[in-house]
Amino acid sequence: MRAVIAGPDGDGLGTALESEGVETTSVDGIASRPALEDAGIIDADLFVLTDVGQATAIAVAKDVNPGIRVVVYDENTIPEFARSQADLIVDPKLLSVDAVAEELTA
């Protein structure tokens, strides 16, 4: 399983996913189409967004890879336009990174 992470990962979700056997790459800076493609979004199974300020990246990820599962892991509210495109929206205050990683790889 492969995951692309966009946004800061201060909670360590990427590390938790790696401990579950997921190969992860991160987008440096803004999650634009070229940045997502450079990070491997085309072949990824998961797109993890940790900054809802970059919610437009969800539509880009789905356009490039229609079968990708999108996970939003941020305490802020995701904009309405992107909400329907996310498969899972989690507030870090409610679920730990370990619980999310375990659920995503189950």
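The CG atom of Leu46 lies 9.0 Å from the CG atom of Leu13; values are rounded to the nearest 0.5 Å. Between Asn65 atom CG and Asp43 atom CG the span is 7.5 Å, to the nearest 0.5 Å.
Counting only heavy atoms from C-beta outward, the side chains of Met1 and Leu104 never approach each other to under 4.5 Å.
Judged as a side chain to side chain contact (heavy atoms under 4.5 Å, CB included), and not counting sequence neighbours, the contacts of Ala59 are Gln85. Here Thr15 pairs with nothing under the side chain to side chain contact (heavy atoms under 4.5 Å, CB included) rule; sequence neighbours left out. When the side chain to side chain contact (heavy atoms under 4.5 Å, CB included) test is applied to Pro8, the partners found at least two apart in sequence or on another chain are Thr50, Asp51. Under the side chain to side chain contact (heavy atoms under 4.5 Å, CB included) criterion, Ser32 pairs with Pro34, Ala35, sequence neighbours left out. In terms of the side-chain hydrogen bond (donor to acceptor under 3.5 Å, both in side chains) criterion, residue partners of Asp74 (sequence neighbours excluded) are, by chain and number, Asn76. Scored by the salt bridge (charged side-chain N to carboxylate O under 4.0 Å, His left out) test, Asp87 finds Lys62 as partners (sequence neighbours excluded). Residues satisfying the side-chain hydrogen bond (donor to acceptor under 3.5 Å, both in side chains) criterion with Glu37, sequence neighbours excluded, are Arg33.
Screening residues 12-27 for salt bridge (charged side-chain N to carboxylate O under 4.0 Å, His left out) gives Arg2-Glu23 as the qualifying pairs, with residues at least two apart or on separate chains. Listed by first and then second residue, the salt bridge (charged side-chain N to carboxylate O under 4.0 Å, His left out) pairs involving residues 91-103 amount to none (not counting sequence neighbours).
Side-chain heavy-atom separations under 4.5 angstrom define the hydrophobic clusters, and the remaining members of the one that includes Phe47 are Val4, Val27, Leu36, Ile41, Ile42, Leu49, Val52, Ile58, Val60, Val64, Ile68, Val70, Val72, Ile78, Ile89. Other members of a hydrophobic cluster containing Ile30 are absent, since no ILVMFWY side chain comes under 4.5 Å of it, directly or through relayed contacts.
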